[in-house]
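Residue indices begin at 1 and follow the sequence shown.
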Amino acid sequence: MSDANNPTHDPLNLRMNWQQDFITKNILVLGYNAWLGYLKGERGAVICSTNRPRVGMVGERFQTHFVPQSRLAGFLNAWLGATDRAMLHPPFVNAHVLEIVETYNPITELVFLLESFNQVTFFYLKNLPICPPKCYEEICNNWEEFQPGVEDFLN
C-alpha cells in the first residue's frame, strides 16, 4: 500500500492521533480542571495551548485554564479573533461550543479546546474512562505526585 492510501500517514489522521494521545495522557488533569471549575459554580470549558510549553525534569508542561460559561462567549471571541487561529475539522462556531457547554453533563463529560500553533480543535469528551469527579478525587488524594501547578499545567 502506498503512503497516499495509508490512513496512518494522512496529515489529518496524524494530527488527530497526536491530539488523542495528548488527551489520553492528560485525562486526569483535564477531568480535575473541569470538575474544579464546575465546583466553583458553573459549567465551562477547559482550554489548553501547546504553543508555549515549559520544559522541566518531567517533560513538557502546558498551560491550561477553565473558562466558566458566563465568560466563555467573550473569551472565545477574543481568543479566536485575536490572531489567525482557526477551528479545525469540522469548523465549529462559537455558538455550537456555547450550546454544548450549556447542555453537557459535568459529572460524566467535559468540553475541551486545544490550541496548537494557529489552530484550535474543539472536543466534546463523552464516555470517559474516568469521570471528572473521580479525576478530581484521584488528584486530591495524590496531590504531591501532581505538583507543581496541577491547575495551571498539563504534561
Partners passing side-chain contact (heavy atoms from CB on, under 4.5 Å) against [X] (at least two apart in sequence or in another chain):
X      : value
Glu137 : Lys134, Asn141
Pro133 : Trp35, Ile107, Cys131
Ala34  : Val46, Leu110

Which heavy-atom pair separates Phe66 from Asn33 by the least distance, and what is that distance?
CD1-O, 3.7 Å
Taking all atoms of both residues into account, what is the closest heavy-atom pair of Ile130 and Cys135, and its distance?
CG2-SG, 3.6 Å
Does Ser116 reach the main-chain N or O of Thr50 with its side chain, forming a donor-acceptor pair under 3.5 Å?
no
Okay, side chain of Thr121, backbone of Glu115: is any donor-acceptor separation there less than 3.5 Å?
no
Using a 4.5 Å cut-off on heavy atoms from C-beta on, say whether the side chain of Phe123 contacts that of Leu113.
no
Heavy atoms, side chains only, cut-off 4.5 Å: are Leu98 and Leu72 in contact?
yes
Quick one: side-chain hydrogen bond (donor to acceptor under 3.5 Å, both in side chains) partners of Glu42, sequence neighbours excluded?
Ser70
Residues forming a side-chain hydrogen bond (donor to acceptor under 3.5 Å, both in side chains) with Glu109, sequence neighbours excluded
Tyr124
In Å and rounded to the nearest 0.5 Å, what is the [atom1] to [atom2] distance from [X] to [Y]?
X      : Y      : atom1 : atom2 : result
His65  : Ile47  : NE2   : CD1   : 9.0 Å
Thr64  : Leu30  : OG1   : CG    : 6.5 Å
Asn127 : Thr108 : CG    : OG1   : 8.0 Å
Thr103 : Glu99  : OG1   : CD    : 6.0 Å

Measure from NZ or CZ of Arg43 to the centre of the six-membered ring of Tyr38 and say whether it is under 6.0 Å with the direction within 45° of the ring axis.
no
For Lys126 and Tyr104: C-alpha separation, side-chain torsions, deciding distance, then whether side chain to side chain contact (heavy atoms under 4.5 Å, CB included) applies.
CA-CA 9 Å; Lys126 304 178 184 183; Tyr104 82 101; over 6 Å; no
Please say which of Ile139, Ile27, Asn26 ends up in a side chain to side chain contact (heavy atoms under 4.5 Å, CB included) with Tyr32.
Ile139
So Val120 and Leu114, side chain to side chain contact (heavy atoms under 4.5 Å, CB included) or not? Walk me through it.
CA-CA 5 Å; Val120 176; Leu114 178 62; over 6 Å; no
Whether Phe22 and Phe112 hold their rings parallel, tilted or perpendicular, with breakpoints at 30° and 60°:
parallel
Sequence neighbours excluded, the answer for ring-ring contact (aromatic ring centres under 6.0 Å, His included) partners of Phe75 is Trp79
